[in-house]
Structure formats: C-alpha cells, structure tokens
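Both counts, for ligands and for their atoms, begin at 1 and track the order of listing. The analysis underlying the following values was restricted to heavy atoms, covering all of them including side chains, and did not include hydrogens, waters or symmetry mates.
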Amino acid sequence: MMATMMELINELWLLPRHLISPGYDAALKRLAAELPMTIHEVPSGTKVWTWTVPESWVCHEAYLETLSGKRLLDVADHPLHVVSYSLPFDGEVSRNELLSHLHVHPGLPEAIPYVFKYYQRDWGLCASQLLRGSLKEDRYRVVIRTEFTKATLKIGEVLVPGKLKECFVVAAHLDHPAMVNDDLTGVVVGLEVARRLLAGPKSFYSYRFLFFPETLGSIAYLSQHEDLIPQMQGGLFLEMLGKDAPHALQTSFQKNSPSDRALITALRGLELDAYVGGFRTVIDNDERQFNSPGVRVPMLSLSRVVNPHLPESRFQPYPEYHSSLDTPQIISQARLENSVETVLGLLKAFDQNLYIVNHFKGEVFASGYGLWVDYKTDSSGHKRRFEIMDRCDGLHRPADIAEELDISFQDVWGVIAKLLENDLVSLSLTPQPTDPHLA
Ligand SMILES: [Zn+2]
C-alpha cells in the first residue's frame, strides 16, 4: 500500500532531519520503502571536491532554565530549539551571554527560527522573539547535550531506465528538521513523479531521481559519479511546491540549452500565469552544484516562491521560510498533485525534444493528409501550421520551433504528432539536415 504525498509528509516532517543525522537516515529509509531506491553512502571525512563530508550530529537533550529550575524552552518540545550542529554546553550563563547565543526569527515574533552553524563551531539555542523578550533574570542555566560521530552521508537514488543511458536528473533535499515546504514538498513530488514514470511506458531518456542533504549531498553524489556527468543532459531541482502561488521556473546557467528550451516552452502550455526567471534570480539551492564549472549540467529549478520577481526571493522565498511555522498547514495535497502533473508535463516535453527529420520535400499536400486548416475560418492557425512544417528540416527540435514562433511546446507537438502519424517525419537524437546544400 503506497502512502499519499500528504501521508508521507505527516509521517516525516517532525523528524530531526539535520544535515547528516539519525533523523535524516530514518526519513530516507522510510522513502526507500515506497519504491526501488539505491542508497549511496559517503563516510564522514571523505574529501568531495573542495569540501569534506562532515560528521553526523545528534542532540540528545537541550533546554534553558532559570536558576530556580523553571524550564523556559526544551528541544523535546520542538526540534528547532537547538542550533543545528551546536557544540555541547552545560553551565550557568549571564543574561548577556545567553542572548548572544539565543537566536530569534527576524520577521516572525512567535516563530522559532531554523539556525545552522556547520562550520562556526559554537553553541546555540533558538526561541521566539516573545520568549527572548521575557527574559529578565540575571543568570540562567543552559544544557545542550549534542554528539558528533563519524557516520555516512546518505543519498537516495531512484533510476527510471529509458531507451538511452543519457539521463535527466530530478533532485530535492530531504534535510531540514521539522520543516515541510522546504523541502519535503519537493521530495514527495519527486517521489510521486518517479513512481508514475516507473509505472508508465518506457521513456526515451533515463531519469535519475536524487534525494539528499542540501549542497553537500549534490557535491558528494557528483564527485563520486563523475563518469555519469557527461550523460546528464539536463535536470530539474524541486523545492517549495506547497504554497498557494503559481509555479516559478528558474533557468539553468545555460539558458539556451535544449533542457531549458524544452521546459520553458512546455511550462507555457501547462500554466498560463507561471513565472520564468534567470539562474540565481528566483531561488538558490542544489541546482548551483549541477550548473557549476566542471559539471555544467543544465539544471533548472521549479518552485512556488511567493514573489519570484523580487531579488530577496532568493533568501526569503515565502513568509514562513526557515521557521517553526513551516508546517503541513501551509501546504495542500491539491497543490502537490498539481505540481506532479506539471513536472510530468515538463519531463514529457524533454523526452519529446528530438530533431524533426522531414521525409517530405516541398510543401506538404496538407488536405491530402488531413492537415489542412481553413484560412477563411482560422487564418492564424493556418499560418502557424505551415510555419511549423517549414521548420521540420532535421535541424530543429520542437522546443526550438516553439521558442522561435513564441508559442508553447505542446502547440508545436500537436502538429509534429500528426506528421509522425502520417510518416511524414521521424525523430532523431542528432541533427540530420535535409537541405541538399548542406550535404
Ligand atoms: Zn532551506
């Protein structure tokens, strides 16, 4: 019995899914029970390009008390009360010292912020502004019992084999304790898309779905699979898909790549009010690693960032971001379902985006093949059909035509499908120019 996306979220969201941690491992193990998944493990201390895989971190206990023993906050009540990767601490502190280690959310007075210090080596607690404002005593007791251990960074991979070994990568990050939209929504949408592709007809390209801790997971996977990088023809990072906002598609570093063109022109046919923005303008995440020098996989990202056109969306994508208010209440199963359909539509266009090779010469005898559009009743449809057929010359892919004519991928594909049915064209992975001057 497969769990629904919301059931998985409700089951996993409160786990302390810190970067490398038992909570993260438990969540990945649960996902692996849903469909065939390979788990790659990279040990702490391993050099992965310019980075080193950190140790695993766990918090056994963390609380703040008055000296008379009144408990003011306790990590047992919420996993965000401790700074992720905090050093252990046990002692009495002055109010000033406490305040320099007690973090609050800048914009949400009642929320506990998500704070992580992977490399600063410091101790810290997190509270609401309201609690922090109520601290009037001179001295307090802090207990933080955390433990760093050598373990492994774990990456879950679901492979949907296609006719080609060349592949498209879909990725989402599974770490972040007790948060939902960032990015369990991307994880469950990715998992559901993988499940549907596995159940459907065999695709042309292969599809690799990756679930990992952010940044380090991408780098660890890529650095351990350098042989696969040349096969990666494109990618899509999924994140923050639960809020009530249209989809926002961020282009890759190579905005004219076939992967970019196919996804951008297909989104146009799927959602009229979707937003498209340039690389590093909408939201920053693991797509950066895939697009980076020496890797250069054209990976786009799909989200539902609330104000994608504002420069601050990259660091403040929605009001509840990185706080205890990022809960199942701010997302909905209907929006997740809609995102699954959108991703399937984008991947379908990527899979269909091959060179169109004409078997015909001259203008096609349209009415003889049921391809005639009457210009008296639909003059623009008539013109469009011929504009598309004019470009079927072994040098254009559907997305190239869609971009050139400023129409959707699906509009172009509608005509190509009819030409394929009539055996007037075929599809090719490589350009096959039919202009005799190019032979
Ligand atoms: Zn985040």
Task: Name of the H176 atom (N/O/S only) found closest to the Zn ion (ligand 1) - done: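 Result for H176 and the Zn ion (ligand 1): NE2.
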- [ ] Please find the N/O/S atom of D182 nearest to the Zn ion (ligand 1) and write down its name.
- [x]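 Distance check against the Zn ion (ligand 1) picks out OD2 in D182.
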Task: Centroid separation F350 to Y205 less than 6.0 Å - done: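 For F350 and Y205, the ring centres are under 6.0 Å apart.
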TODO: Measure centre to centre between the rings of Y24 and H18, then say whether the value is under 6.0 Å.
DONE: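 Centroid distance Y24-H18: not below 6.0 Å, so no.
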- [ ] Return the orientation label for the Y318 and Y321 ring planes: parallel under 30°, perpendicular over 60°, tilted otherwise.
- [x]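 The rings of Y318 and Y321 stand perpendicular, inter-plane angle above 60°.
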- [ ] Check whether any N, O or S atom of H322 sits under 2.8 Å from the Zn ion (ligand 1).
- [x]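 Looking at H322, which is the residue asked about, there is an N, O or S atom under 2.8 Å from the Zn ion (ligand 1).
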Open item on the list: Within a 6.0 Å radius of atom NZ on K117, are there more than 12 heavy atoms belonging to other residues, nucleotides or ligands?
Closed with: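 For K117, atom NZ is crowded (more than 12 foreign heavy atoms under 6.0 Å).
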